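Data block below; observations after.
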2 protein chains.
Amino acid sequence: MPRIQHHRADQTRDRILHAAIREFSEHGLAGARTGAIAGAARVNKALLYYYFRDKESLYAAALEEVAGKVAGDAIAVLELDCSPGERLLRFTLQHFDRNLSRQGFQALMQQEMVRFRAGRSNAMQVIAKNAFEPMWDRAMNLVEEGIGSGELCSVDPMQMMYAALGANVFYFLSAPMVKLIAAINPLDPAAMASRRTTAIEYLGQTIFTDRRRGARLAKAVLAAMPMPENALPERKTA
Amino acid sequence: MPRIQHHRADQTRDRILHAAIREFSEHGLAGARTGAIAGAARVNKALLYYYFRDKESLYAAALEEVAGKVAGDAIAVLELDCSPGERLLRFTLQHFDRNLSRQGFQALMQQEMVRFRAGRSNAMQVIAKNAFEPMWDRAMNLVEEGIGSGELCSVDPMQMMYAALGANVFYFLSAPMVKLIAAINPLDPAAMASRRTTAIEYLGQTIFTDRRRGARLAKAVLAAMPMPENALPERKTA
DNA sequence: TTAGTTAGATTAACCGGTTAGTCAAACTGT
DNA sequence: ACAGTTTGACTAACCGGTTAATCTAACTAA
């Protein structure tokens with residue numbers, strides 16, 4: 001269903017889609033208001049139903065858009081022209097930065113995970129097949145390759161991923177709570193920069209057979225990928 | 001506010017509260033239906049408004065109930081009569097098991113984190129102060145104590161927590177997706193048991209100055225705390 | 001004991017507002 | 001003229017919340 005739009009304006013469809021992404025991110029499927037989406041896209045509500053079958057289809061489309069972009073970016077990093085270990089460090093750092101600058105997107109994905117676990121969600125299958133499975137395969141191959149060449153420690157690749165990505169997710173997920181009960185604010189740029197550095201350096205020292213090399217690569221990757229400016233305001237792509 | 005109810009039945013209030021916990025867990029605040037809650041509690045809808053001001057108050061009450069129970073259990077472990085390191089291992093293992101057997105509760109908390117981050121949620125402050133701050137303080141003191149006595153490595157206590165708890169959260173959060181794209185099912189009892197063991201043993205080898213001692217304590221804790229039976233069906237407390 | 005009283009607990013029926021979704025008319029570029 | 005787009009107006013269903021009435025059981029006074 002590529003939807004061959006000939007002339008001008010199917011940018012309208014895009015405006016709707018991105019307005020939907022934001023609205024769904026902030027309010028969830030049930031909480032989102034179609035009127036609000038239309039308003040944000042500067043479009044009449046009925047137009048939503050011209051481009052999308054119903055609210056849930058729009059939700060699914062928004063989800064696929066996000067997942068596609070996320071997975072695409074990730075795959076680009078996984079196919080970079082450098083050693084498996086370095087690519088893994090970059091992949092993890094990118095994941096942190098995505099949590100940082102695209103908190104709405106992450107929220108959308110997390111909400112969908114809950115929704116899917118609760119039994120609903122038919123969109124999940126599509127996303128998994130088209131977006132995340134290719135990414136997943138590449139990541140796993142990468143780890144195997146790294147272990148095979150002797151660059152990486154021979155531990156279960158999954159455990160490695162859980163530790164690295166889990167810490168990122170949990171950092172931002174718990175941030176609002178931590179801010180309330182601890183002396184620090186995890187969303188403060190300085191705190192984030194610190195955490196970002198620590199996480200990658202820690203990973204560098206954990207997964208490489210040659211720890212010296214891991215530390216050096218971690219530093220190099222951190223230098224090559226500066227932390228994104230954006231913190232909270234969350235503007236859209238387009 | 002103990003609510004001095006003289007006679008019989010204020011178990012009704014409890015039925016409503018637990019029905020609400022489940023409904024809100026599965027559908028979120030906006031998605032939950034008051035009618036469904038009343039139905040599940042075998043009670044007329046109007047009775048919800050007899051016991052609770054409105055839907056949001058009920059939601060807040062459900063959240064506080066969950067948070068109180070979670071924090072209470074955690075504090076009990078943190079005050080056990082053993083070394084700080086062992087208590088930390090137990091605390092982390094308990095966290096894993098809570099994710100395992102109370103997935104609805106965790107979903108509720110995670111959704112509220114998202115909600116709070118998006119700006120709404122007045123309940124969060126209360127929960128943080130009454131439930132999580134005491135828990136947090138005890139955990140931090142514990143880590144300091146452990147480092148002071150030389151049992152634990154002298155790393156930032158927070159980084160330690162992020163790695164340990166983050167991996168747990170991410171494991172269950174990503175499980176539905178992983179099930180779709182990988183050959184394994186992370187929610188299969190065998191897989192969970194494996195992950196559970198690995199996580200604690202890994203922590204044991206990471207945070208102790210004496211790694212031998214860490215490994216031994218991890219094994220002991222795993223033996224002392226068997227994995228809960230329950231996997232998915234999710235029955236309530238009562 | 002008991003008839004009368006009171007307060008809390010529970011319900012059926014209903015209401016007003018909101019929301020997803022529709023439609024026919026109007027506009028636009030070619 | 002006309003297919004592709006865009007819109008204001010409309011509706012049917014739903015949902016949170018209210019109301020007035022009923023029921024239950026403990027309390028009270030003779």
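Since we're looking at a predicted model, the values are computed, not measured. Proteins come first, then strands; the chains are lettered A, B, ... in the order of their sequence lines, and each starts at number 1.
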- Query: Whole Å only: how far is the CD atom of B:E23 from the C1' atom of D:dG16?
  - Reply: 14 Å
- Task: Classify the side chain of A:K45 versus the base of C:dG21 as yes if they form a donor-acceptor pair under 3.5 Å and no if they do not.
- Result: yes
- Message: Check this one for me: any side-chain N or O of A:N44 less than 4.0 Å away from OP1 or OP2 of D:dG8?
- Response: yes
- Message: From CG of B:L47 over to C1' of C:dA12, roughly how many Å is that when rounded to an integer?
- Response: 13 Å
- Item | Length of the line joining A:R53:CZ and C:dA20:C1', which is rounded to integer Å | 14 Å
- Note on the structure: note: A:Y49, atom OH; C:dT22, atom P; distance rounded to Å ~ 8 Å
- Message: Is it the case that the side chain of A:E23 and the backbone of A:R33 share a donor-acceptor pair, with hydrogens and angles ignored and the cut-off at 3.5 Å?
- Response: yes
- Task: Write down the distance between CZ (A:R33) and C1' (D:dC14), rounded to a whole number of angstrom.
- Result: 12 Å
- Map A:T34 and A:A46 onto DNA chain C by nearest heavy atom, then report which one ends up closer to the 5' terminus. A:T34
- Given atom OH of A:Y50 and atom C1' of C:dA24, what is their separation to the nearest angstrom? 16 Å
- Stepwise ring pair (Phe, Tyr, Trp, His ring centres under 6.0 Å) test for B:F172 and B:F96: CA-CA 9 Å; B:F172 287 97; B:F96 184 96; 5.2 Å; yes
- Check if the side chain of B:D54 and the base of D:dG17 share a donor-acceptor pair of N or O atoms closer than 3.5 Å. no
- Message: In whole Å, I'd like the distance from the CD1 atom of B:I37 to the P atom of D:dC14.
- Response: 18 Å
- Message: Salt bridge or not between B:R196 and B:D97? Use side-chain N to carboxylate O under 4.0 Å.
- Response: yes
- Could you give the CZ-to-C1' distance, from A:R42 to D:dT6, as a whole number of Å? 14 Å
- Task: Please state whether the phosphate of D:dT6, meaning OP1 or OP2, lies under 4.0 angstrom from any side-chain nitrogen or oxygen of A:T12.
- Result: yes
